[in-house]
Amino acid sequence: MNRFPSIRKNEDFKKVYRSGKSCANDSLIMYVLKRDDIDGSGRIGISVSKKVGNSVVRHRVARVVRECYRLHRDEVKSGYDIVVIARQPAAAYGYKEMSCAYMNLCSRMGIII
């Protein structure tokens with residue numbers, strides 16, 4: 001089984017924050033940076049603050065965002081590093097609401113195929 005393509009190093013997060021474009025809605029903030037790698041595959045980094053909720057809530061939000069990324073991978077252009085930051089209203093969102101918020105940001109960022 002392949003590993004999930006995620007951003008893990010702090011320097012990679014900082015690179016996306018500094019050089020990438022950003023956009024936000026009420027529940028999510030998204031940073032996007034085009035990758036220069038040869039393979040052209042995309043990665044996602046998810047950040048959920050303690051302000052969102054306790055550990056259970058934060059991990060649930062991260063899992064839902066990761067699932068949105070996984071299921072909509074075919075609709076989003078490949079070759080981008082995406083960092084998603086969850087805001088407090090995201091704690092109350094289910095999959096449908098989170099998926100709508102995620103795809104809204106993707107379309108506003110111009111990474112929809």
Side-chain angles (χ1 to χ4, degrees):
M1 189 166 160
N2 295 337
R3 283 184 67 139
F4 196 80
S6 60
I7 300 171
R8 296 190 185 273
K9 295 182 181 177
N10 189 27
E11 61 193 44
D12 292 339
F13 273 94
K14 286 182 180 178
K15 184 177 177 184
V16 175
Y17 290 143
R18 279 193 306 262
S19 305
K21 298 186 306 181
S22 69
C23 195
N25 58 23
D26 63 336
S27 60
L28 299 173
I29 303 169
M30 181 181 282
Y31 289 85
V32 175
L33 179 65
K34 179 76 173 154
R35 291 187 69 181
D36 298 329
D37 293 354
I38 297 168
D39 64 354
S41 63
R43 299 183 301 173
I44 187 165
I46 302 168
S47 176
V48 186
S49 169
K50 286 187 177 182
K51 293 178 185 178
V52 174
N54 63 17
S55 174
V56 175
V57 173
R58 293 194 311 268
H59 283 89
R60 186 189 144 284
V61 169
R63 282 194 311 269
V64 173
V65 171
R66 195 175 300 114
E67 188 70 2
C68 292
Y69 174 79
R70 186 183 72 83
L71 292 177
H72 295 290
R73 194 180 309 180
D74 296 337
E75 301 170 31
V76 177
K77 293 178 184 175
S78 62
Y80 287 92
D81 278 349
I82 300 172
V83 173
V84 177
I85 302 171
R87 290 180 166 177
Q88 282 183 333
Y93 280 17
Y95 172 74
K96 272 191 172 179
E97 295 90 359
M98 190 72 73
S99 179
C100 288
Y102 176 80
M103 290 307 289
N104 176 352
L105 287 178
C106 287
S107 67
R108 288 171 54 188
M109 295 299 284
I111 58 173
I112 298 287
I113 293 177

Point-to-point distance, once rounded to the nearest 0.5 Å, from OG of S47 to CD1 of I85:
5.5 Å
Six-ring centre of F4, R63 cation under 6.0 angstrom, axis tolerance 45°:
no
Examine V16 and V32 and state if one hydrophobic cluster contains both, with Ile, Leu, Val, Met, Phe, Trp and Tyr joined whenever side-chain heavy atoms are less than 4.5 Å apart.
no
Check the pair R70, E67 against salt bridge (Lys or Arg N to Asp or Glu O under 4.0 Å), reporting the backbone distance first and the verdict last.
CA-CA 5 Å; R70 186 183 72 83; E67 188 70 2; 2.7 Å; yes
Look only at the side chain of R66 and the backbone of I44, and say whether a donor-acceptor pair between them is shorter than 3.5 Å.
no
Just so I know, are the side chains of D81 and Y31 near enough to count as touching, which here means a heavy-atom distance under 4.5 Å?
no
Using every non-hydrogen atom in the two residues, find where H72 and Y95 come nearest and quote the distance to one decimal.
NE2-OH, 3.6 Å
Does V76 belong to the same Ile/Leu/Val/Met/Phe/Trp/Tyr cluster as Y80, with side-chain heavy atoms less than 4.5 Å apart forming each link?
yes
Any side-chain heavy-atom pair from R108 and M30 closer than 4.5 angstrom?
no
Look at the aromatic rings of Y69 and Y102 and report parallel, tilted or perpendicular, splitting at 30° and 60°.
perpendicular
Side-chain heavy-atom pair V65, Y93 within 4.5 angstrom cut-off:
no
Going from CD1 on I46 to CZ on F13, what distance comes out if it is rounded to the nearest 0.5 angstrom?
8.5 Å
Check for a donor-acceptor pair, side chain of D12 on one end and backbone N or O of I7 on the other, with a separation under 3.5 Å.
no
With a cut-off of 6.0 Å (strictly less than), are more than 12 heavy atoms of other residues, nucleotides or ligands near NZ of K21?
no
Among the clusters formed by ILVMFWY side chains lying less than 4.5 Å apart, do V57 and V84 turn up in the same one?
yes
Any chance NE2 of H59 has more than 12 other-residue heavy atoms, nucleotides or ligands included, within less than 6.0 Å?
no
I'd like to know if L105 and I82 are part of one continuous hydrophobic network [Ile/Leu/Val/Met/Phe/Trp/Tyr, side-chain heavy atoms within less than 4.5 Å].
yes
Looking at A90 and S27, what are the two nearest heavy atoms and their distance?
CB-O, 3.7 Å
Going from NZ on K34 to OG on S19, what distance comes out if it is rounded to the nearest 0.5 angstrom?
15.0 Å
Identify whether L28 and M103 are in the same connected component of the hydrophobic contact network (ILVMFWY, side-chain heavy atoms under 4.5 Å).
yes
Exam field: side chain R87 to backbone I29, donor-acceptor pair closer than 3.5 Å
no
Main-chain N/O of P5 paired to R43 side chain as donor or acceptor, under 3.5 Å
no
Over all heavy atoms of both residues, which pair between R35 and S41 is shortest? Give the atoms and the distance, please.
NH1-O, 2.9 Å
Closest approach of A86 to V52 (non-hydrogen atoms, all atoms of both residues)
O-CG2, 3.7 Å
